[in-house]
Structures are given as C-alpha cells and as structure tokens.
Amino acid sequence: MKILISPAKKMRGDADSLPPLGQPAFLADAKRLLEELRAMPGDRLRALWNCSEALAALNRDRLRTADPDRAQTPAILAYEGIQYQYMAPQVMETGQLDYIQAHLRILSGLYGVLRPFDGVIPYRLEMQAPLAMDGQKDLYGFWGGRLAAHLAG
C-alpha cells in the first residue's frame, strides 16, 4: 500500500534534524525543470508562481543558489504544510519513520515522486503550473504516466 500526499507551498531547509537517505528518482528531470525556471524572466516567474513580489523574490533567490545534487533536507522535514505539521515527523520513533519511508510518497511538480527521506531543496512549483516542457503545455503533460508507472513498480 502506498499513501500519496501533495507537497506544501511553504518549505524550509533543515540539515540538522535527520540526514537524507537518498536522491529523488526523477532528479535528472528536476534539474531540467530548474534550468528552465532559471532561464525565465522575473515577471514570468512571478506569474507562474502566482504569488506576491516578496515570495517571488525569495524563490528567485532560491533558484539562483539551488543545487539539487547537494540537497540536505529530507522531503518529510522540508515541507511545512498542515499535513506535515500534524504528521510531526520530528517526534516519530524509528519504526514510524521506517513505515513512512516504505509507504508514503509525495507527488511534486519539481521532483515528480519523492520518498520521505529523499533530499530536496526548497522550491516553488505546483503541478498545475503552466510550465511548457518537452512539447507539453504543463507539468501534468511533462510528467505524463511516468509517475503512475513509478508508483506501480
């Protein structure tokens, strides 16, 4: 059984609590998406993210310094949404952490599918964002059936 959840818009870096245990399965695709975002002008990024100028500035800075190969925060600790707060992974015991690593998956616009302890960088990219890639009009088209196939495998 797999439990699927969505990421949260708000993220943080946390290199101190728990180490990442691996890299995202679709890391090469995430790097391509990051390069596409880096090439976009600031006003287009803000429109893509549909956010305030302050949030856009924060996320443009994140894009400039993003190095997904050196991600130090496990996904389960990086997202700050309400479902992550209620899950409280910071106080889970070893058995609980093992369970979520085996059964929980996070669907991400940038990373595709994440295991809880895959290392991630803070980013802003929702699945419904109209980011055209590889001849597709949005991220749903870009990811296509690859995410479902990965989850089924």
Side-chain angles (χ1 to χ4, degrees), residues 2-90 100-101 104-151 153:
K2 295 286 187 245
I3 302 163
L4 304 177
I5 62 175
S6 62
K9 288 183 184 180
K10 191 173 178 186
M11 295 184 74
R12 67 171 176 256
D14 180 352
D16 298 325
S17 295
L18 296 169
L21 299 179
Q23 293 185 322
F26 296 102
L27 183 59
D29 292 301
K31 290 177 184 179
R32 290 182 53 228
L33 289 167
L34 282 172
E35 289 306 313
E36 183 71 19
L37 292 170
R38 285 181 177 131
M40 296 173 90
D43 60 334
R44 181 136 181 261
L45 283 169
R46 182 175 177 207
L48 180 76
W49 292 327
N50 190 25
C51 64
S52 69
E53 181 51 41
L55 277 175
L58 168 68
N59 286 290
R60 284 191 304 266
D61 287 343
R62 285 176 170 172
L63 276 177
R64 276 196 292 278
T65 61
D67 183 356
D69 288 319
R70 302 188 72 187
Q72 297 295 314
T73 305
I76 196 71
L77 299 178
Y79 297 109
E80 292 186 11
I82 196 157
Q83 66 189 346
Y84 295 91
Q85 292 171 23
Y86 285 140
M87 240 187 301
Q90 300 88 343
I100 65 170
Q101 180 69 1
L104 181 70
R105 296 297 178 265
I106 302 163
L107 299 180
S108 161
L110 179 64
Y111 287 105
V113 176
L114 293 166
R115 294 168 300 181
F117 290 96
D118 285 346
V120 299
I121 55 170
Y123 68 92
R124 185 176 182 103
L125 187 62
E126 297 177 37
M127 190 65 91
Q128 70 265 17
L131 180 62
M133 287 286 293
D134 295 347
Q136 302 296 322
K137 66 179 183 171
D138 57 23
L139 292 173
Y140 287 113
F142 172 74
W143 289 113
R146 294 182 297 153
L147 305 184
H150 179 78
L151 289 167

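Computed from a prediction, not measured in an experiment: that's the story for all the values here.
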Given side-chain contact (heavy atoms from CB on, under 4.5 Å), test L55 with R60 step by step and report yes or no.
CA-CA 9 Å; L55 277 175; R60 284 191 304 266; over 6 Å; no
Side chain to side chain donor-acceptor pair (under 3.5 Å) filter on S6, not counting sequence neighbours, yields none
Before giving the answer on side-chain contact (heavy atoms from CB on, under 4.5 Å), spell out for R115 and Q101 the whole-Å C-alpha distance, their side-chain angles and the decisive distance to 0.1 Å.
CA-CA 6 Å; R115 294 168 300 181; Q101 180 69 1; 3.9 Å; yes
What heavy-atom pair brings V120 and P74 nearest, and what distance separates the two atoms?
CG2-C, 4.5 Å
Can you tell me if R44 has over 12 outside heavy atoms packed within less than 6.0 Å of its CZ?
no
Got a donor-acceptor contact below 3.5 angstrom from the Q85 side chain to the E80 backbone?
yes
Using the side-chain hydrogen bond (donor to acceptor under 3.5 Å, both in side chains) rule, collect all pairs that involve residues 128-138, keeping only residues at least two apart or in two chains.
R32-D134, E126-Q128
On a heavy-atom basis, the closest approach of A56 and C51 is N-SG, 3.6 Å
Atom of A8, atom of G81 and distance for their closest heavy-atom approach
CB-N, 3.2 Å
Hits for side chain to side chain donor-acceptor pair (under 3.5 Å) against T73, two or more places apart or cross-chain, chain-then-number order -> none
In terms of heavy-atom contacts, does CZ of R70 have more than 12 from other residues, nucleotides or ligands at under 6.0 Å?
no
On a heavy-atom basis, the closest approach of P24 and D118 is CA-OD2, 3.5 Å
Closest approach of A71 and G119, non-hydrogen atoms and distance?
CB-C, 3.4 Å
Does the pair I76 and M87 meet the rule for a side-chain contact (heavy atoms from CB on, under 4.5 Å), with working shown?
CA-CA 9 Å; I76 196 71; M87 240 187 301; 3.9 Å; yes
Which residues pass the ring-ring contact (aromatic ring centres under 6.0 Å, His included) test with F26, not counting sequence neighbours?
W143, H150
D69: partners by side chain to side chain donor-acceptor pair (under 3.5 Å), with sequence neighbours left out
K31
Walk me through whether V113 and L107 qualify under side-chain contact (heavy atoms from CB on, under 4.5 Å).
CA-CA 5 Å; V113 176; L107 299 180; 3.8 Å; yes
When you measure from the side chain of W49 to the backbone of R124, do you find a donor-acceptor pair of N or O atoms at a distance under 3.5 Å?
yes
Shortest non-hydrogen contact from P7 to Y84?
CA-OH, 3.6 Å
Output side-chain donor-acceptor pairs under 3.5 Å for residues 34-41, partner residues at least two apart or in another chain, one line each.
residue: E35; atom: OE2; partner: R38; partner atom: NH1; Å: 2.6
residue: R38; atom: NE; partner: L63; partner atom: O; Å: 2.8
residue: R38; atom: NH2; partner: L63; partner atom: O; Å: 3.1
residue: R38; atom: NH2; partner: A66; partner atom: O; Å: 2.5

